[in-house]
Amino acid sequence: MTSIQSRVRASTIVVLLVFLTLYVEHRWSLAQQAILTNCALGVDISFRAKVLTAHYLPTEHWRLAIVVDDAGEDGGDDACVASINGMKLRVAWKTQLSLGSGDVVEVTGRFKPPRGTANPGAFDYRRWLLAKGYAGTGYLRSGKLLERASDRAVSDLATNSALLRSYVATTLQQAGLVYPAILSALVIGESAGLESKDWAIFRATGTIHLMVISGLHIAVVAFMAYWFLQIPLRLLLTFTGTQVDHQIALGGALLTTFVFAVITGLGAPALRVCFMLMLALVAVYCARKPPFWHLLALSFCLSLVFQPLSFFSQGFWLSYFAVAGLIWVFSPRSNIVGPVFGFLLAQCVIFLWLSPVLGLLVGEVSLLSVPANLLALPIITMITLPMLIIGLGLYFIAPELGIGLLQFADFSLALIFAWLQGLQAAVPEYNRSFGYFTVFNGLCGFMAAILILSPVSLPKRLAMLLPFVLLFLLRGNTPIFAEYCIQVVDVGQGSAVLVDTSAHRLILDAGPVFSSGFDAAIASVIPTIRSTGQDQLDKVLVSHTDNDHAGGIKSLLARYATGPVVGLQARCENGRRWQWDGVEFLLVVDHAQSNKNDRSCTLLISNERTSAYLSGDIGQKAEAGLLAQLPRDIDFLLAPHHGSGSSSLYRFPRHLSPRWVVYSAGYANQYGHPHKRTVARYQLEGAVQVGTAEQGALRWCSSRSQEILSQRHGALRWEKFSGQGLLGGPND
């Protein structure tokens with residue numbers, strides 16, 4: 001009978017997992033279909049919308065999440081415009097209006113489907129947008145406020161929660177605190193007010209999880225609610241015994257936790273804690289004591305039922321893996337571990353257990369996370385959060401006492417910042433993290449972590465440190481001697497090209513930096529360098545000083561000591577040659593040109609069989625002057641000026657007659673790159689034309705010159721697409 005029950009139980013679990021997998025896949029498919037279509041590109045669309053969230057940025061822009069309420073009929077195809085009704089959009093708007101959650105606006109703007117750069121080891125912005133339910137992104141040209149949320153009776157939960165978050169944020173701003181934005185992030189999850197320098201510190205020290213609404217924050221709220229409820233209940237209900245007040249306090253803690261989770265946006269970590277508390281409460285009422293593994297597994301399944309798209313969120317997996325690691329270690333040791341040793345052990349567990357997961361999901365694992373969290377974690381959980389929550393509660397009853405507690409919480413953050421900044425200053429950026437390892441190394445490291453943290457003998461644990469060390473090995477992905485590879489990084493409307501030989505690495509340009517603080521070098525270029533080979537650069541070149549080419553150079557130099565930057569700190573000398581590992585490099589520049597673009601520092605790379613030309617932003621005049629220095633019938637060309645209509649005059653494509661032409665341009669960019677005339681000229685030469693906007697990062701190697709690797713679509717063969725343009729995807 002036991003055997004039959006075990007088989008039925010196993011079959012039931014398998015059926016439920018299959019159903020859950022199909023359900024998540026179905027919802028993901030629906031999310032990919034329910035997005036803006038290309039008919040919305042390039043036209044102004046007017047509509048009425050409701051503001052879901054509103055964040056004012058230091059660049060005097062608003063970052064809004066809006067839901068289209070009633071699409072207008074101005075501009076664009078009527079059917080296309082009508083199709084956006086009910087869609088959730090992420091937009092930017094530079095306006096003097098004061099906006100808030102729940103406001104109704106009438107706006108005109110331009111939009112495009114969810115899109116993001118695609119690079120090895122980098123953050124997938126498109127997947128993040130879809131997982132958050134966004135159907136598109138864009139910017140608003142004009143608009144007006146029709147109705148404020150505060151001027152009408154608001155009944156929906158989301159708007160009320162947003163209004164409460166806005167009120168709390170305003171209260172903290174007006175309390176005269178030093179870190180109101182960080183306190184807002186801690187208590188209500190409003191992280192938009194954090195500056196890029198703050199995020200850089202948290203990222204470098206592995207403390208981002210402390211500055212967002214995580215399972216730890218929800219657990220602190222649950223514990224405080226339970227503690228505050230149990231003390232008076234024990235006094236009032238002594239005649240019923242301790243079990244009753246324990247159950248009532250647990251139920252009150254669950255209700256408080258759920259309300260707090262809803263107010264802060266009901267993220268995946270918050271939902272996990274709520275479900276685990278709910279299941280634990282049910283077990284208490286049923287007089288059962290299920291293993292923590294069962295609670296975690298049921299919470300995992302329920303979370304995916306309620307939020308299926310969270311499956312594609314990094315935070316979802318990190319949250320569950322972290323708890324799984326703690327259960328794995330502390331379940332068999334719960335009676336023998338003291339609080340101090342338990343805290344220290346927990347830090348080691350999280351580092352060992354999550355390092356392989358972080359490296360595979362995020363890419364970067366901070367080496368400063370353990371010392372940073374040793375001080376920051378207890379201060380946040382035992383001082384900052386309790387003082388912050390109690391202070392906000394007392395602010396409306398006893399303002400002076402509430403302000404005092406808020407200032408105490410603010411002071412505790414000052415201590416944390418001093419500690420984090422000291423750690424960051426003490427360790428050079430290059431040595432602060434590791435990661436970007438292969439899937440094989442990640443799996444080996446995770447299996448090693450499981451065995452290291454298992455209740456086995458010490459010699460066996462020490463033996464498992466050897467496979468864990470695989471995580472610290474640098475990746476090897478270099479060409480053989482006398483061959484080279486070119487990787488065009490997808491930085492949107494900009495340029496960054498990584499060149500590899502068997503023992504050297506060079507980069508030409510580093511992408512743009514925007515006023516919002518977004519840095520393409522940090523977001524795309526450095527992850528590409530770290531995930532595709534040795535984490536080093538031997539030379540940095542800048543074609544010219546425009547932001548879309550040179551904006552990220554400062555971030556590159558902060559990490560890599562490469563000597564003077566050619567084209568920026570050192571002169572780009574026309575005709576300068578050098579050889580690396582059997583590969584010839586030649587700088588080509590026309591200093592006589594008056595236009596900065598035409599004076600771009602360009603690079604010709606060649607070996608005995610192939611040649612490639614990285615052309616910067618040169619235009620027609622520079623092209624004519626440089627043709628005498630360039631070979632005929634090259635294999636790879638980075639198109640001049642992103643494919644501008646003012647470049648690639650007929651003589652240039654005819655002389656070079658490239659096999660592959662790559663356009664480094666942003667998706668649906670405002671300049672119309674690449675221009676139709678430019679595309680037509682290269683098509684006449686039989687070139688296969690590809691762009692980073694459609695393909696993501698592109699990697700071409702001289703040893704396999706007939707093939708180019710697309711980050712989005714895999715290998716593309718020249719024979720299959722000869723004379724065609726792949727600017728709409730490989731199947732267009």
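Numbering starts at 1 and runs along the sequence shown.
Looking at Met224 and Ile390, their side chains come closer than 4.5 Å, going by heavy atoms from C-beta outward. When side chains are defined from C-beta on, Thr257 does not count as touching Phe223, because their heavy atoms never get closer than 4.5 Å. At a threshold of 4.5 Å between non-hydrogen side-chain atoms, the residues Leu318 and Val362 count as touching.
By the 6.0 Å contact criterion, NZ on Lys112 is enclosed, its count of non-hydrogen atoms from other residues, nucleotides or ligands being greater than 12. Counting non-hydrogen atoms of other residues, nucleotides and ligands closer than 6.0 Å to CZ of Phe258 gives a total of 12 or fewer. The number of heavy atoms from other shown groups lying within 6.0 Å of CZ (Phe306) does not exceed 12. Summarising the local packing, OH of Tyr125 is surrounded by more than 12 heavy atoms from other residues, nucleotides or ligands at distances under 6.0 Å. Counting non-hydrogen atoms of other residues, nucleotides and ligands closer than 6.0 Å to CH2 of Trp227 gives a total of 12 or fewer. By the 6.0 Å contact criterion, CZ on Phe123 is enclosed, its count of non-hydrogen atoms from other residues, nucleotides or ligands being greater than 12. Under a cut-off of 6.0 angstrom, the local environment of CZ in Phe434 is crowded, with over 12 non-hydrogen atoms contributed by other residues, nucleotides or ligands.
The CG atom of Leu377 sits 6.5 Å away from atom NE2 of His209, with the distance rounded to the nearest 0.5 Å.
Looking at every heavy atom in both residues, Ile201 comes nearest to Thr205 through O-OG1, 2.7 Å. Minimum heavy-atom separation, Phe47 to Ile84: CD2-CD1, 3.8 Å. Heavy atoms only, all atoms of each residue included: Leu375 and Trp419 are closest at CD2-CG, 3.3 Å. Closest of all the heavy-atom pairs between Leu352 and Ala449 is O-CB, 3.4 Å. Taking both residues in full, the closest heavy atoms of Ala372 and Leu420 are given as CB-CD2, 3.7 Å, listed atom of the first, atom of the second, then distance.
In this structure, Trp317 and Phe311 have perpendicular ring planes: the angle between them is above 60°, well past the 30° mark. Ring pair Phe316/Phe300 is tilted by interplanar angle, where 30° to 60° counts as tilted. Classified by interplanar angle (parallel below 30°, tilted 30° to 60°, perpendicular above 60°), the ring pair Trp353/Trp328 is tilted.
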Residue pair Phe312, Trp128: steps toward the ring-ring contact (aromatic ring centres under 6.0 Å, His included) verdict: CA-CA 8 Å; Phe312 303 94; Trp128 180 87; over 10 Å; no
Leu298 vs Phe275, side chain to side chain contact (heavy atoms under 4.5 Å, CB included): CA-CA, chis, key distance, verdict: CA-CA 8 Å; Leu298 286 173; Phe275 279 136; over 6 Å; no
Worked check of side chain to side chain contact (heavy atoms under 4.5 Å, CB included) between Leu183 and Thr384: CA-CA 9 Å; Leu183 292 174; Thr384 311; 4.2 Å; yes
Full working for ring-ring contact (aromatic ring centres under 6.0 Å, His included) between Phe396 and Tyr167: CA-CA 12 Å; Phe396 307 101; Tyr167 185 71; 5.8 Å; yes
Steps toward ring-ring contact (aromatic ring centres under 6.0 Å, His included) verdict (Phe417, Tyr179): CA-CA 10 Å; Phe417 252 84; Tyr179 301 105; 5.0 Å; yes
